Amino acid sequence: MKSRILEKGTQLFFRYGVKSVTMDAIAAELGISKKTIYQHFPDKDSMVSQVVESFVQQDEIKWVELDKQYPNVVEKMFKSFEMVKEMLVQMNPRLLFEIEKYFPAAYKLFRDYNENGIHAHLITDFKKGIQFGYFRKDIDVELLARLRMAEVGLAFNPDFYPNNKLSLFETQMVLMDIFMRGILTEKGLTLYNSYQNNQQV
């Protein structure tokens with residue numbers, strides 16, 4: 001039952017945001033009493049924290065799978081967006097902002113994962129891209145990793161693009177495209193354009 005509650009909570013949080021989804025709404029969606037939810041989650045804070053923890057664990061697994069399947073970092077980047085496209089298309093763009101504002105313990109889990117997980121993965125990818133001649137040799141990988149993480153986070157900030165006519169996924173793709181074109185060599189750009197053209201077919 002706990003896994004069912006967590007799964008439904010995740011679906012609703014991602015679609016509507018964490019602030020507007022109540023425990024009553026989750027119970028109604030599952031056809032159970034709110035008391036049953038509280039037997040597994042003492043409060044909404046603990047549920048949001050477990051949703052974030054589960055997301056972090058699954059995301060780490062995806063990074064490892066991508067590394068194994070796509071040693072080419074340029075191709076890996078496109079594949080990573082394909083993997084999360086459905087999630088980003090359906091995700092409420094205010095989700096991360098609301099978690100940061102209203103659920104600090106849950107946000108700390110996400111922030112720690114960014115610092116200790118995503119940051120290291122990005123540096124590894126940038127170094128690999130430089131090694132194979134896809135990325136410029138003069139880039140500071142530490143700075144670029146932090147810039148890329150900040151860029152992804154910006155798309156979730158409602159003040160960043162208040163009249164956004166693009167979906168969250170489209171916004172992330174545009175930001176990623178601008179970022180990539182700033183660090184690619186001619187060799188890397190040729191490969192990048194080929195993947196981008198295939199994606200648009």
Side-chain angles (χ1 to χ4, degrees), residues 1-23 25-27 29-30 32 37-70 76-125 145-158 160 164 166-173 175-176 179:
M1 177 56 72
K2 182 176 181 179
S3 61
R4 281 186 60 213
I5 296 171
L6 192 61
E7 182 180 356
K8 180 56 66 176
T10 301
Q11 290 175 359
L12 295 176
F13 291 151
F14 271 61
R15 187 178 305 162
Y16 302 111
V18 289
K19 192 167 189 302
S20 62
V21 176
T22 64
M23 300 296 251
I26 296 171
E29 284 281 332
L30 288 167
I32 61 176
I37 293 180
Y38 285 127
Q39 289 174 351
H40 300 280
F41 302 95
D43 49 38
K44 188 176 178 181
D45 287 57
S46 66
M47 179 181 283
V48 174
S49 289
Q50 289 196 44
V51 165
V52 172
E53 185 177 0
S54 178
F55 172 82
V56 164
Q57 291 171 351
Q58 292 174 24
D59 195 67
E60 180 63 21
I61 290 171
K62 289 176 182 176
W63 271 98
V64 173
E65 290 176 350
L66 284 167
D67 278 334
K68 291 178 180 178
Q69 293 180 35
Y70 306 103
K76 175 187 173 184
M77 179 267 302
F78 277 101
K79 295 299 181 181
S80 69
F81 269 87
E82 287 179 11
M83 287 178 64
V84 299
K85 180 177 181 178
E86 183 178 352
M87 178 189 72
L88 288 176
V89 167
Q90 297 178 359
M91 183 186 290
N92 187 309
R94 296 181 64 88
L95 176 65
L96 191 59
F97 173 77
E98 290 183 353
I99 292 175
E100 180 180 10
K101 186 174 182 179
Y102 301 107
F103 300 92
Y107 186 73
K108 184 179 184 302
L109 293 173
F110 179 78
R111 188 179 65 240
D112 289 348
Y113 175 56
N114 263 356
E115 284 295 321
N116 303 318
I118 299 298
H119 183 255
H121 287 305
L122 286 172
I123 287 180
T124 297
D125 284 349
R146 296 199 172 276
L147 176 62
R148 181 64 189 136
M149 289 191 298
E151 187 180 61
V152 170
L154 271 177
F156 290 92
N157 186 334
F160 169 64
N164 194 353
L166 302 175
S167 70
L168 181 59
F169 174 74
E170 291 169 330
T171 302
Q172 291 288 7
M173 287 297 289
L175 293 176
M176 181 273 294
F179 177 87

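Just so it is clear, the model here is predicted, and its values are computed rather than measured.
To the nearest 0.5 Å, atoms CG (Leu66) and CZ (Phe78) are separated by 14.0 Å. Between the CD1 atom in Ile5 and the CD1 atom in Ile32 there is a gap of 4.0 Å [rounded to 0.5 Å]. Ile26 contributes atom CD1, which lies 7.0 Å from atom NZ of Lys44 (distance to the nearest 0.5 angstrom). The structure places CE of Met77 at 12.0 Å from CG of Leu122, a figure rounded to the nearest 0.5 Å. Going from atom CD1 of Ile37 over to atom CE of Met47 covers 5.0 Å, rounded to the nearest 0.5 Å. Note that CG of Asp112 is 14.0 Å distant from NE2 of His119, once rounded to the nearest 0.5 Å.
Comment: Glu82 engages Lys79 in a salt bridge, judged by a side-chain N to carboxylate O separation of less than 4.0 angstrom. Under a 4.0 Å N-O distance rule, the pair Lys76/Glu65 does not qualify as a salt bridge.
Looking only at side-chain heavy atoms (C-beta outward), Arg94 and Lys19 stay at 4.5 Å or farther from each other. Val51 places a side-chain heavy atom less than 4.5 Å from the side chain of Phe14. Taking the side chain as every heavy atom from C-beta outward, Lys2 and Gln50 approach each other to under 4.5 Å. Ile61 is not listed as a side-chain neighbour of Gln57, based on a closest heavy-atom distance of 4.5 Å or more. Looking only at side-chain heavy atoms (C-beta outward), Phe156 and Leu168 come within less than 4.5 Å of each other. At least one side-chain heavy atom of Leu6 sits under 4.5 Å from a side-chain heavy atom of Phe41. Residues His121 and Glu60 have side chains in contact (heavy-atom distance under 4.5 Å, counting atoms from C-beta outward).
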- Go through the steps to decide whether Met91 and Phe169 satisfy the test side-chain contact (heavy atoms from CB on, under 4.5 Å), and finish with yes or no. CA-CA 9 Å; Met91 183 186 290; Phe169 174 74; over 6 Å; no

- Task: Check the pair Arg148, Val152 against side-chain contact (heavy atoms from CB on, under 4.5 Å), reporting the backbone distance first and the verdict last.
- Result: CA-CA 6 Å; Arg148 181 64 189 136; Val152 170; 3.7 Å; yes

- Is there a side-chain contact (heavy atoms from CB on, under 4.5 Å) between Thr171 and Leu154 once you walk through the steps? CA-CA 10 Å; Thr171 302; Leu154 271 177; over 6 Å; no

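When all heavy atoms of Glu151 and Leu175 are compared, the pair lying nearest together is OE2-O, 3.2 Å. Nearest heavy-atom pair across Arg146 and Glu115 is NH1-OE2, 3.1 Å. The minimum heavy-atom distance linking Tyr16 with Val21 is given by the pair CB-CG2, 3.8 Å. Ala106 and Val52 make their closest contact through O-CG1, 3.5 Å (heavy atoms, listed as atom of the first residue, atom of the second, distance). Of all heavy-atom pairs between Glu170 and Ser167, the closest is OE1-N, 2.8 Å.
Side-chain contact of Asp59 with Trp63: a donor-acceptor pair under 3.5 Å is present, judged by distance alone. Checked by atom type, the side-chain pair Ser54/Gln58 shows a donor-acceptor distance below 3.5 Å.
Within 6.0 Å of atom NZ in Lys85, 12 or fewer heavy atoms from other residues, nucleotides or ligands are found, so the atom counts as exposed in its surroundings.
Here the rule is side-chain contact (heavy atoms from CB on, under 4.5 Å) with Val18, and of Phe13, Phe97, Tyr102 only Phe13 fits it.
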